[in-house]
Protein chains: 2
Amino acid sequence: MNLRLVSRLLAAIAWLIGGTMAFSLPWALPAFGQTVEFEYAGFLGLLASIILCGLVGYVLRRMGQGADGTLYRKEAMAVVGLSWMLATVLGALPYLVSGTCRGIDESGEDVRMNVADCLFESQSGFSTTGATVLTKITQFDPVDPTAENCEPRISQKQLVPRCILFWRSSTHFLGGLGIIVLFVAVLGQGSAGKALMRAEMPGPSKEGSLTRMQHTAWLFAGIYVALNAVLAAILMLEGMGVFDAICHAFGAMATGGFSTYDESLGYFGRHGYNGPLIEYTVTLFMILAGTNFTLLYLVTIGKPKSLFADIEWRTYMGVILGVTALIVFFGLKHRDPGFESLASGIRYGLFQVVSIVTTTGYGTQDFDSWNSFGRGILFLLMFVGGCAGSTGGGMKVIRHILFLKIIRQEIEHSFHPTVVRPLRIGGEPIEAKDLRYNILVYFSLILVIFVFSWMFIVAVEPDITWTAGNQVTENEQSLQNKLIDSATSVAATLNNIGPGLGTVGATRNYAHFSWWTKLLFTFLMMLGRLEIFAILVLFVPSFWRDR
Amino acid sequence: MNLRLVSRLLAAIAWLIGGTMAFSLPWALPAFGQTVEFEYAGFLGLLASIILCGLVGYVLRRMGQGADGTLYRKEAMAVVGLSWMLATVLGALPYLVSGTCRGIDESGEDVRMNVADCLFESQSGFSTTGATVLTKITQFDPVDPTAENCEPRISQKQLVPRCILFWRSSTHFLGGLGIIVLFVAVLGQGSAGKALMRAEMPGPSKEGSLTRMQHTAWLFAGIYVALNAVLAAILMLEGMGVFDAICHAFGAMATGGFSTYDESLGYFGRHGYNGPLIEYTVTLFMILAGTNFTLLYLVTIGKPKSLFADIEWRTYMGVILGVTALIVFFGLKHRDPGFESLASGIRYGLFQVVSIVTTTGYGTQDFDSWNSFGRGILFLLMFVGGCAGSTGGGMKVIRHILFLKIIRQEIEHSFHPTVVRPLRIGGEPIEAKDLRYNILVYFSLILVIFVFSWMFIVAVEPDITWTAGNQVTENEQSLQNKLIDSATSVAATLNNIGPGLGTVGATRNYAHFSWWTKLLFTFLMMLGRLEIFAILVLFVPSFWRDR
């Protein structure tokens with residue numbers, strides 16, 4: 001293991017993160033951040049964090065001095081895994097140093113974020129999960145009863161500094177960018193990676209593979225930044241302030257889900273904005289964010305038909321429309337909240353399905369109060385995820401397509417043992433070596449991680465996590481849901497969604513979990529985002545020992 | 001497809017079933033069945049069913065007249081699948097023809113079993129599941145308040161005829177025998193089958209494989225029948241009547257779980273019998289029933305060490321002891337019902353763990369009232385199952401061992417792509433072709449079937465299944481559990497356990513489900529028992545079309 005080379009590359013990551021933090025500083029100013037007064041704590045916390053990032057980068061650079069040699073497969077895996085861990089730790093600094101509060105306890109005291117909270121929030125940002133431990137971001141002025149309909153910056157108290165909130169949303173932006181670039185880097189390696197790649201990869205095909213890869217990476221990064229800018233601009237046109245517009249654009253395009261309000265995106269529909277317009281806009285951009293960026297590139301250069309020619313994208317859209325239809329049907333049948341009419345059913349149903357399938361996790365309705373089928377299908381949808389090569393997390397649509405094709409073939413195979421047919425995607429045979437086996441291994445790994453994490457949480461998390469803070473009559477009921485709630489909390493973090501059901505539902509959050517469970521969630525978010533292997537190998541001793 | 005040959009073999013199955021039914025007839029006599037009066041309805045129902053079996057066998061035999069040729073793989077698969085379906089239909093006849101009641105409705109009226117009920121109960125018997133739709137088998141005499149401690153045959157009213165109950169338990173016996181014989185037949189075929197087989201297979205090794213297979217099949221059948229007889233004798237010595245002893249021996253040795261009382265095996269502990277003695281006896285025999293019959297044979301011929309040399313058996317015992325320790329620890333910590341002391345905790349905990357892991361499904365305690373971790377781990381345990389080559393259902397311990405070995409190797413493989421190590425069982429490399437792939441396919445199939453059945457039940461089963469018959473305040477709570485209850489009902493039928501959690505919990509049953517869900521359960525029990533493929537291929541059109 002060429003540790004010097006690894007160290008040198010990690011230094012660059014530390015500086016990149018410190019540099020990005022600088023963009024959060026201006027929002028501490030009253031004029032810029034639309035706050036009432038200058039946010040001293042947030043500003044100083046960010047400043048100190050930037051200096052720390054610089055120092056860490058410097059130390060890593062010194063350790064990597066004189067590094068040379070090639071980046072082999074093992075070094076590349078180590079860089080990916082370690083840089084994500086480094087980002088998580090550095091990204092947690094602003095919360096910790098500024099002493100950000102995660103909420104208010106029963107006696108009215110502020111509760112500061114502890115180390116586990118900060119790591120959780122940072123990982124949730126970089127992994128574009130969007131799960132949060134912040135229970136109260138803003139508070140409406142209790143002396144003014146009409147406040148809820150006024151300009152937010154006047155009528156509400158900002159409990160979490162806006163500059164910190166901006167950093168929080170910036171981690172989404174960085175995480176989404178990182179995944180898009182990593183996808184390109186991974187594409188060049190391994191047979192399964194090539195099979196998942198589209199045939200018409202952008203970039204000059206005659207040049208060397210490294211040049212081509214760099215070209216593609218820049219192209220994808222450009223599309224990503226442009227879409228962020230376009231969405232922010234549209235949201236501003238639709239009435240949002242510049243701060244809210246940028247933060248929500250970051251959250252949507254990275255398929256993250258951090259909002260600047262406790263009510264998530266549902267805030268705008270309830271506080272004098274044009275809710276449906278904003279929600280349908282965000283729905284559209286979430287769909288784009290969950291689409292393979294190769295396809296977005298092809299559409300940009302004037303080949304819109306390539307979208308519909310792609311089997312993964314067709315399936316992705318089919319899942320969105322099909323599940324929405326089911327959710328609306330059962331929602332109307334059970335007269336669930338939000339399903340008072342077909343129009344509102346489609347509005348809330350479509351938004352929630354897109355939000356979950358793209359692994360964003362924004363909420364406009366308390367889907368936890370929907371019927372069992374609606375809740376169950378949303379839980380399963382968490383495992384689907386976006387398309388490969390998008391910012392969406394989860395297991396990816398293409399893996400599910402291949403998985404179901406393999407299963408169908410195996411049933412035929414059992415009575416025709418000699419017939420071997422190639423797997424086909426969109427008519428083309430793709431018989432990459434070990435592809436079938438790798439797909440099944442991936443599903444198995446997800447299953448094993450899910451089951452063990454689930455039982456860990458049910459075993460170690462005390463019952464009080466479910467019963468505290470509820471009405472006495474509700475206690476028994478919410479404890480009854482410990483099994484299903486824990487299952488969804490694992491699904492929601494491992495697949496980088498954010499909200500789950502019950503105690504981690506649309507109107508709740510992750511603040512009340514114990515610190516060891518929060519660290520498990522932090523680990524799960526990282527595992528899911530880096531598609532498991534890049535993280536798991538770091539814990540295998542022989543990975544470090546052997547050449 | 002040589003349909004004539006298939007037809008001829010099916011005729012033998014029909015006659016075998018009719019012949020076995022004859023053994024249930026004597027229990028209709030008061031002297032024999034310890035009942036108050038002769039059971040006309042049950043007797044006539046059985047008699048009519050025997051005649052129908054004879055007729056069906058005759059017709060099938062006529063259709064198969066002049067059959068010749070070899071039994072190819074496809075014909076063998078067709079015979080296995082179709083004979084199980086035929087057995088289910090014929091086994092349902094006694095319930096249907098005798099007009100057996102499945103319980104009493106709110107107005108005190110008897111509710112007769114409908115066609116779906118009869119098929120469900122018959123399949124549950126043959127597949128050794130033990131899930132039941134009978135809500136009331138016996139009723140204590142309401143005029144005698146001291147009745148609960150008296151001789152059962154005097155103080156209680158028999159709602160389901162004893163001869164019908166005997167037939168119900170006989171289906172377990174036949175099902176267990178069928179699986180043991182099928183295992184031997186399947187062992188000879190396919191590479192994965194060979195890998196799952198133990199090296200020291202009993203039988204004269206120098207003879208041809210068919211002779212050896214027949215020899216082994218007779219040997220296993222002999223062990224099975226002998227163990228049934230021994231257990232029945234011991235239970236009689238421990239105070240049970242001959243009827244109860246035989247029925248409960250059938251239930252335990254087939255890992256079925258049908259009891260002759262509504263309280264399952266827990267009845268004896270509460271009605272003047274030596275509860276712990278009977279329970280520990282049954283626990284021991286359930287463990288034997290879940291052990292590979294090859295190992296039982298080796299122990300019989302004086303090689304007891306082979307038990308401990310076998311990795312699957314060691315793991316099986318490790319799972320039983322480990323999970324029991326966890327259940328007892330959490331049960332005592334949460335002060336669950338039954339865990340008042342360490343001794344009673346071990347008594348109920350061990351029994352329940354063995355009952356679930358061997359897929360028997362007997363109950364002595366309402367485990368549904370245990371803490372969430374206990375309930376969750378029992379749910380997961382449902383997927384483990386007994387050892388290969390036993391009467392236990394589920395996915396089998398050996399598959400889990402191989403599955404976890406594969407997963408561990410794949411993580412190492414991801415950074416050492418060139419190193420390929422063979423899978424080892426107990427130190428011996430077993431690199432049968434496609435074994436890894438087949439194991440993963442099996443897990444995937446179980447996952448797919450589980451997920452789709454789960455959502456089907458949540459979608460189509462009306463909420464009233466959860467809310468009817470409960471207190472008003474309980475309604476909301478039990479409906480909250482629809483997701484988890486449905487999941488466990490699928491796990492409990494697909495893995496041939498019997499009871500699940502909540503509405504299908506230890507003190508409940510399957511009577512209140514709608515008929516379409518009952519038919520789905522019937523299908524799942526069959527799928528699980530025949531390890532999926534033998535049933536699924538029957539629904540693939542090309543299976544019948546091609547040569």
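Convention: sequence-line order gives letters A, B, ...; per-chain numbering from 1.
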query: Who are the side-chain contact (heavy atoms from CB on, under 4.5 Å) partners of B:Thr488, not counting sequence neighbours?
result: B:Phe379, B:Leu501, B:Val504
statement: Among B:Ile532, B:Ile377, B:Leu483, the residue with the most heavy-atom pairs under 4.5 Å to chain A is B:Leu483
field: Value rounded to 0.5 Å, distance of CH2 in A:Trp454 from CZ in B:Phe373
entry: 11.0 Å
query: Heavy-atom distance under 4.5 Å to chain A: side chain of B:Tyr437, backbone, both or neither?
result: both
query: Can you tell me how far the CG atom of B:Leu440 sits from the CD1 atom of A:Ile439, to the nearest 0.5 Å?
result: 12.0 Å
message: If I compare all heavy atoms of A:Ala459 with all of B:Phe330, which pair ends up nearest, and what's the gap?
response: O-CE2, 3.4 Å
query: Looking at side-chain heavy atoms only, is the closest gap between A:Glu410 and B:Leu445 below 4.5 Å?
result: no
field: Between B:Val441, B:Ile484, B:Leu404, the one whose heavy-atom pairs under 4.5 Å with chain A are most numerous
entry: B:Val441
statement: Note: A:Lys482 and B:Ser372 closest approach over all heavy atoms is CB-OG, 3.4 Å
message: Only pairs of heavy atoms separated by less than 4.5 Å count here; which of B:Val458, B:Asn371, B:Leu326 has the most with chain A?
response: B:Val458
message: Once rounded to the nearest 0.5 Å, what's the spacing between atom CZ of B:Arg375 and atom CD of A:Gln480?
response: 6.0 Å
Chain A interface, residue from B:Ile407, B:Ile406, B:Leu447, B:Ile457 that has the most non-hydrogen pairs under 4.5 Å: B:Ile407
